[in-house]
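Residues: numbered from 1 along the sequence shown.
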Amino acid sequence: MIATALDHIPMPSVAKLLGWRLVDARPHEGWIKMAFDGKQEFCNPAGFIQGGMLSAMLDDTMGPAVFVMTEGRLFTTTITMTVNFLAPAKPGPITGEATVTQLGKTIAFVEGRLTSADGTLLATASSSIRLVEAARALR
């Protein structure tokens with residue numbers, strides 16, 4: 001597994017809840033791949049994973065893409081996130097991928113996607129993200 005800036009921070013509780021795991025990263029390209037656990041507890045009455053949980057997975061993929069690309073210098077806060085739900089997500093493994101499309105001085109633009117274990121595209125997202133210096137955020 002590739003070493004990234006994520007190795008040097010504690011895993012947030014929400015990441016643990018989602019079953020968040022780093023699968024791969026290309027920091028210089030602003031690309032990251034994550035794994036999530038699509039738990040039964042995340043399902044709506046129809047038996048599909050609730051959209052808010054999928055949105056959280058996308059958010060928890062896109063923000064880390066910036067963090068890894070900046071070698072841990074910048075944390076992120078989401079300004080806007082547009083999510084397109086393309087197929088119902090059933091419980092099981094879910095893969096998230098994100099790419100930083102533009103990294104500015106105070107704002108980044110990121111695109112993300114979620115797929116099921118069989119490769120079905122579940123959701124896509126685009127996000128504008130405010131950049132916060134890690135040293136400032138940890139004070």
Legend entry - Summary of salt bridge (charged side-chain N to carboxylate O under 4.0 Å, His left out) pairs that have at least one residue in residues 63-74, sequence neighbours excluded: Glu71-Arg73
Inset, instruction - May I ask you to check whether over 12 heavy atoms, not counting those of His28, lie within 6.0 Å of atom NE2? - result: no
Inset, instruction - Quick one: closest heavy-atom pair of Ile49 and Gly38, and the distance? - result: CD1-CA, 3.5 Å
Legend entry - Residues Phe36, Leu17; criterion side chain to side chain contact (heavy atoms under 4.5 Å, CB included); working and verdict: CA-CA 9 Å; Phe36 296 96; Leu17 174 69; over 6 Å; no
Legend entry - Path from Val66 to Leu6 over hydrophobic side-chain contacts below 4.5 Å: yes
Legend entry - Contact check, side chains of Met34 and Val23, non-hydrogen atoms, under 4.5 Å: no
Inset, instruction - Please round to the nearest 0.5 Å and tell me the distance separating atom CZ of Arg130 and atom OG1 of Thr80. - result: 10.5 Å
Legend entry - Within residues 92-103 or reaching into it, pairs that qualify as side chain to side chain donor-acceptor pair (under 3.5 Å) - sequence neighbours excluded: Trp31-Glu97
Legend entry - Spacing of OG belonging to Ser55 relative to CG belonging to Asp60, to within rounding of 0.5 Å: 12.0 Å
Inset, instruction - Could you check Met81 against Met62 for side chain to side chain contact (heavy atoms under 4.5 Å, CB included), going step by step and ending with a plain yes or no? - result: CA-CA 10 Å; Met81 184 169 71; Met62 293 187 290; 3.3 Å; yes
Legend entry - Side-chain heavy atoms of Thr115 within contact of Thr120, under 4.5 Å: no
Legend entry - ILVMFWY network linking Val68 to Ile107, side-chain heavy atoms under 4.5 angstrom: no
Inset, instruction - Please answer: with hydrophobic residues joined when any side-chain heavy atoms are less than 4.5 Å apart, are Phe85 and Leu122 in the same cluster? - result: yes
Inset, instruction - Report the distance from atom OG1 of Thr124 to atom CG of Leu114, rounding to the nearest 0.5 Å. - result: 9.0 Å
Inset, instruction - Please check if the side chain of Arg113 supplies one atom and the backbone of Glu111 the other of a donor-acceptor pair under 3.5 Å. - result: no
Inset, instruction - Mind listing the closest non-hydrogen atom pair of Ile2 and Pro27 along with its distance? - result: CD1-CD, 4.0 Å
Legend entry - Expected output: side-chain Thr61 to main-chain Met57 donor-acceptor under 3.5 Å: yes
Inset, instruction - Measure across Cys43 and Pro91 and return the closest heavy-atom pair with its distance rounded to 0.1 Å. - result: SG-CG, 3.4 Å
Inset, instruction - Indicate yes or no for a side-chain donor-acceptor contact from Asn44 to the backbone of Ala46 under 3.5 Å, with no hydrogens or angles considered. - result: yes
Legend entry - ILVMFWY network linking Ile9 to Trp20, side-chain heavy atoms under 4.5 angstrom: yes
Legend entry - Heavy atoms of other groups near Lys90 NZ, more than 12 under 6.0 Å: no
Legend entry - Partner residues of Phe67 under the ring-ring contact (aromatic ring centres under 6.0 Å, His included) criterion, sequence neighbours left out: Phe75
Legend entry - Val83 to Ala123 - nearest heavy-atom pair and separation: CG1-CB, 4.4 Å
Inset, instruction - Indicate, with yes or no, if Ile32 and Leu121 share a hydrophobic cluster defined by side-chain heavy-atom contacts under 4.5 Å among Ile, Leu, Val, Met, Phe, Trp and Tyr. - result: no
Legend entry - Donor-acceptor contact present, side-chain Thr76 to main-chain Ile129, <3.5 Å: no
